[in-house]
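Notes follow the structure.
Chain letters run A, B, ... following the sequence lines, proteins first and then strands; every chain starts at 1.
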Amino acid sequence: MLSTYKFEHGNDFVRICNIPNFDLSSTFENGQCFRWEKISPDHYIGVAMGKVLEVFKDGDDLVFYNTNIKEFESLWIPYLTLDVDYEQIKQVLSKDPMLKKAVEFAPGLHLLRQNFHETLICFILSSNNNIQRIKKIVNNLCQATGKDISYNGKTYKSFPPITDMQKLTCEDFMSMGAGYRSKYLVHTINALCCKDIDVEHLKNCSLDQARKVLQCYMGIGVKVADCILLYSGTRYDVFPSDVWIKKIMASYLGESPSVEKILKYASEVFGRYAGIAQQYLFHYARFNL
DNA sequence: GACCAGGCTAACT
DNA sequence: AGTTAGCATGGT
């Protein structure tokens, strides 16, 4: 928990002392985010919220560069969900034997609370696509439309706000490699610029209502809606069901279970932590099935 | 050349 | 309401 962290910090760095249960690779390379670059094992640089952050593991410490303690507490602790008690959640989830294995496989996995619009755009791009290609397209988008951020003599790009993406045409997105999703992006970005989504409402309404709101936008179905809700930290009672989750859920529900059946089972068994359970399962499935 | 990847839309019964 | 072809692209 947050209160137990011990910090050392200066003008341009923050060190969290003794935080053994945060793993960079299983957090940044589990398909929830697309803008973290591995420099070397346990050493990453990423762009989020218009800022560049460098992080590496030093024994049981985590060291963050290009930030200070004030910014770290207001921005990066929520982003990295360092304010969430994963020990308690993992304990609850581990009552299920499959999840026990999945949690033991990646005990340092954290969900992220990412910018809502960025998550929405990235997961429209994710449909019938693979993670490597999604990263490439997102990078092309940021290069074309993002703002410069310089750090350590290098220029990085922020993820553009939707108002800046409104000028992009279908052909622009095609040239970035977005393929048939280009049309969805143009349509949805326009709709969002006309009338934005009330994220607070998405938190307070029922899950079915939240899914319905998102599915009004072109390119968003049940699976993408659940990803947006989960990876923006909007709600955790979701269960994004892609091909990997369908594979691993077959061990609970028999061969090729329907999405309906999966969602029903997940909400009954994993309840309000279903989204977190899904993330451990997805990561486990990708590396073990 | 098939088949696959964090699926969705549109056009069918 | 439920089922299915078609879709851009790059890697294996």
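Spacing between C:dT3 and B:dA5 at atom C1', rounded to whole Å, works out to 22 Å. Taking the P atoms as reference points, B:dG6 lies 23 Å from C:dA5, given to the whole Å.
Among the protein residues, A:Gly31 comes within range of the nucleic acid bases, having at least one heavy atom under 4.0 Å from a base atom. Counting any heavy atom pair closer than 4.0 Å across all strands shown, A:Ile131 reaches sugar-phosphate atoms only and no base atom. Heavy atoms of A:Asp226 sit nowhere under 4.0 angstrom from any nucleic acid atom. Counting non-hydrogen atoms under 4.0 angstrom, A:Gln279 reaches a base of the nucleic acid. Nucleic acid contact for A:Ile245: base, since at least one base atom lies under 4.0 Å from a heavy atom of the residue.
For A:Tyr217 and A:Tyr231, each mapped to the nucleotide of DNA chain B holding its nearest heavy atom, the one lying further toward the 5' end belongs to A:Tyr231.
Among B:dG7, B:dA5, C:dG10, the nucleotide with an atom closest to any side-chain atom of A:Lys223 is B:dG7. Looking at the side chain of A:Val243, the nearest of the listed nucleotides B:dG6, B:dA5, B:dA10 is B:dA5. Closest to the A:Met174 side chain, of the nucleotides C:dT9, B:dA5, B:dG6, is C:dT9. Here the nucleotide nearest the side chain of A:Asn130, chosen from B:dT9, C:dA8, B:dG6, is B:dG6. Here the nucleotide nearest the side chain of A:Arg286, chosen from C:dA8, B:dG6, B:dC8, is B:dG6. Out of B:dG7, C:dG10, B:dG6, the shortest distance to the side chain of A:Tyr180 is found at B:dG7.
With salt bridges taken as basic N to acidic carboxylate O contacts below 4.0 Å, one links A:Glu268 and A:Lys264. One finds a salt bridge joining A:Arg113 and A:Asp83 here, because a Lys/Arg side-chain nitrogen approaches an Asp/Glu carboxylate oxygen to under 4.0 Å. Checked for salt-bridge contact, A:Glu118 and A:Arg35 miss the test: no charged N lies under 4.0 Å from a carboxylate O.
The aromatic rings of A:Phe64 and A:Phe72 sit tilted relative to each other, their planes meeting at an angle between 30° and 60°. Classification of the A:Tyr156-A:Tyr151 ring pair by plane angle, with boundaries at 30° and 60°, yields tilted.
In this structure, A:Ile228 places its CD1 atom 12 Å from C1' of B:dG6, rounding to the nearest Å.
An aromatic stacking contact links A:Phe282 with the base of B:dG6, defined here by ring centres under 5.5 Å apart and ring planes under 30° from parallel.
No hydrogens or angles were tested; on distance alone, nothing pairs the side chain of A:Glu260 with the base of C:dG2 as donor and acceptor under 3.5 Å.
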